[in-house]
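Residue numbers begin at 1 in each chain, while the letters A, B, ... track the order of the sequences. The structure presented is a predicted model; accordingly, all values stated were derived computationally and were not measured.
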2 protein chains.
Amino acid sequence: METLALPPQATQVGLAVDVAAFAMHGGELQVLLVQRGELPHARDWALPGGFVHPGEDLHEAALRELRTETSVTLEPRHLEQFYTFGAPGRDPRGRIVSVAHLAVLAHGTVDVTGGGHTLGAGWFPAHRPPALAFDHAAILARALGRLRVRLDYAHLALEFLPDTFTLPELQRVHEAILDRPLDKRNFRKRLLAQGLLVPSGERRSGVGRPAQLYRRAKGAKAAAL
Amino acid sequence: METLALPPQATQVGLAVDVAAFAMHGGELQVLLVQRGELPHARDWALPGGFVHPGEDLHEAALRELRTETSVTLEPRHLEQFYTFGAPGRDPRGRIVSVAHLAVLAHGTVDVTGGGHTLGAGWFPAHRPPALAFDHAAILARALGRLRVRLDYAHLALEFLPDTFTLPELQRVHEAILDRPLDKRNFRKRLLAQGLLVPSGERRSGVGRPAQLYRRAKGAKAAAL
DNA sequence: ACAAAAGTGTTAAACCTACACCCATGT
DNA sequence: ACATGGGTGTAGGTTTAACACTTTTGT
């Protein structure tokens, strides 16, 4: 079987992955961007990404690009392919098809620096990003849409937080992703009714009344897509 | 810009599209399959698909493969990319990445014959398909999942029917996609409450009381994804 | 007249939304 | 004591699910 040849009509294209990686910082939803060091679009900001290696899975490639183009070394809490961008003119270097991925990074993934052939890396407000290279603005917009859908559905909001967290913190994650305020009482009722959260100790924040800490209930895994 | 070269690390892969095309026949949800005429998997059934041409959009490629591998000449009523399959070992001929598409064909698209290098084409029960080539069983399973999600959401069920249709016919589409029975009264209430359907003339079916015909309300376009 | 499929309403439970005040802590 | 943010309940409207009989036609 290994000896079968590709048929002649098989278009060869460059295969890339791009990653829209999100995290919460300062109560805001932020997206991780890198500053390109090479043409085309040198010095422009872009989503981390690059070419898939031979024999490498798409998922692995996305993980690798995240690690090598930024200083992020921990595994993302969530990584999911969400759309493939393949319009013929999208990259001036030729036919390059990019499989876009959505990643959620653990809380505390703050320090990012460039790696590989990037000039730097940084966090930017996900809903108000700077100008982006290629068609990355469209990719980011679609990533945000997918993130919104996943909120209800799976328990993806928890992946933005440490193992233990307070309900107000979780609410801020939801609000940041939806980009609108939510009612505190209704939010609590809904989340606690789902039975995925169990209380633990107590905690004092810097200011105000201390909040109850929760962790995800054992045996609560994210729903299938 | 056109003169920029692909960087050396750009893996070249074969780029393909596969199409899971659905229609209703005999009250059942059916999927369109072709019988392969070439190695690998000669004589096995597979989703229609093939290599993207240079300069061709993914969407166009999916339309073309549908036309040339089967006798389907009308535009699909719906065509949407839903997932990209790129595991290194999925095709014995080498690294081939397939962007999978979901299509809905108009009611009455019955006669299908093979084209191109296929031995034939035919309709099969979508929920109980025959053995399929490559990883096409996984592709089909995911297509069915997406179809289910789109039911609620957009008004995709209407695309399975002719311009005018009865409510029991529409209900059968929903039931076929969900693969479970629905309550007649609740179904009607829900659908009519959406205000997307307007009644027209009357119609007699072969047997039993004739059913009211409906058409989609003017100005009701499918919701965005 | 009978067989076959279309059509029709009500009720209970669950869910969603809006809304305002008291509580526990640090300074 | 006061500023800060955490925590709590209720009522109205909407949505969902379960459920059985009558109507219209063709044979």
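Ionic pairing of A/Arg209 and A/Glu202 is not present here: no N-O contact between side-chain nitrogen and carboxylate oxygen is shorter than 4.0 angstrom. A salt bridge links A/Glu159 with A/Arg216: the closest approach of a Lys/Arg side-chain nitrogen to an acidic carboxylate oxygen falls below 4.0 angstrom.
The side-chain heavy atoms of B/Arg203 and B/Pro210, taken from C-beta on, include no pair separated by under 4.5 Å. Side-chain contact between A/Phe160 and A/Ile177 is present, with heavy atoms from C-beta onward closer than 4.5 Å.
Protein chain A touches strand DNA chain C; the 5'-most and 3'-most nucleotides with an atom under 4.0 angstrom of its non-hydrogen atoms are C/dT17 to C/dG26.
Judged by distance alone, with hydrogens and angles left aside, the side-chain atoms of B/Ser71 form a donor-acceptor pair with the main-chain N or O of B/Thr113 at under 3.5 Å. Between the side chain of B/Glu69 and the main chain of B/Gly49, a donor-acceptor pair closer than 3.5 Å is present. For A/His59 (side chain) and B/Ala87 (main-chain N/O), no donor-acceptor pair under 3.5 Å exists by modelled atom type. At distances below 3.5 Å, not a single donor-acceptor pair connects side-chain atoms of A/His78 with backbone N or O atoms of A/Leu102. At distances below 3.5 Å, at least one donor-acceptor pair connects side-chain atoms of B/Gln81 with backbone N or O atoms of A/Thr84.
Look at CG on A/Leu213: it is 14 Å from C1' on D/dG7, rounded to the nearest Å. Across the protein-nucleic acid pair, A/Arg188 atom CZ and D/dG5 atom P stand 15 Å apart, rounded to whole Å.
Map A/Asp183 and A/Ala211 each onto its nearest nucleotide of DNA chain D; the residue landing nearer the 5' end is A/Ala211. Comparing B/Arg185 and B/Thr166 by the nucleotide of DNA chain C whose heavy atom lies nearest to each, the residue mapping closer to the 5' end is B/Thr166.
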Cut-off 3.5 Å, no hydrogens considered: what does the side-chain donor-acceptor table look like for residues 188-196 of chain B, sequence neighbours left out?
from: B/Lys189; atom 1: NZ; to: B/Asn186; atom 2: OD1; distance (Å): 3.2

Could you pull out all donor-acceptor pairs under 3.5 Å where a side-chain atom in residues 161-168 of chain A meets a protein atom, sequence neighbours excluded?
from: A/Thr166; atom 1: OG1; to: A/Glu169; atom 2: N; distance (Å): 3.2

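For DNA chain C, no neighbouring residue in residues 171-182 of chain A is found when judged by any heavy atom under 4.0 Å.
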Tabulate atom names and distances for all N/O pairs under 3.5 angstrom spanning the protein and nucleotides 10-16 of chain D.
from: D/dT10; atom 1: O4; to: A/Lys189; atom 2: NZ; distance (Å): 2.8

Could you write nucleotides 22-27 of chain D as a row of B, S and -, 5' to 3', where a protein heavy atom under 4.0 Å of any base atom gives B, of only sugar-phosphate atoms gives S, and otherwise -? -BBBS-
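With A/Tyr83 as the aromatic partner, A/Arg142 meets the cation-pi criteria of under 6.0 angstrom to the ring centre and within 45 degrees of the ring axis.
Across all non-hydrogen atoms, the minimal contact from A/Ala20 to A/Leu47 is CA-CD2, 4.1 Å.
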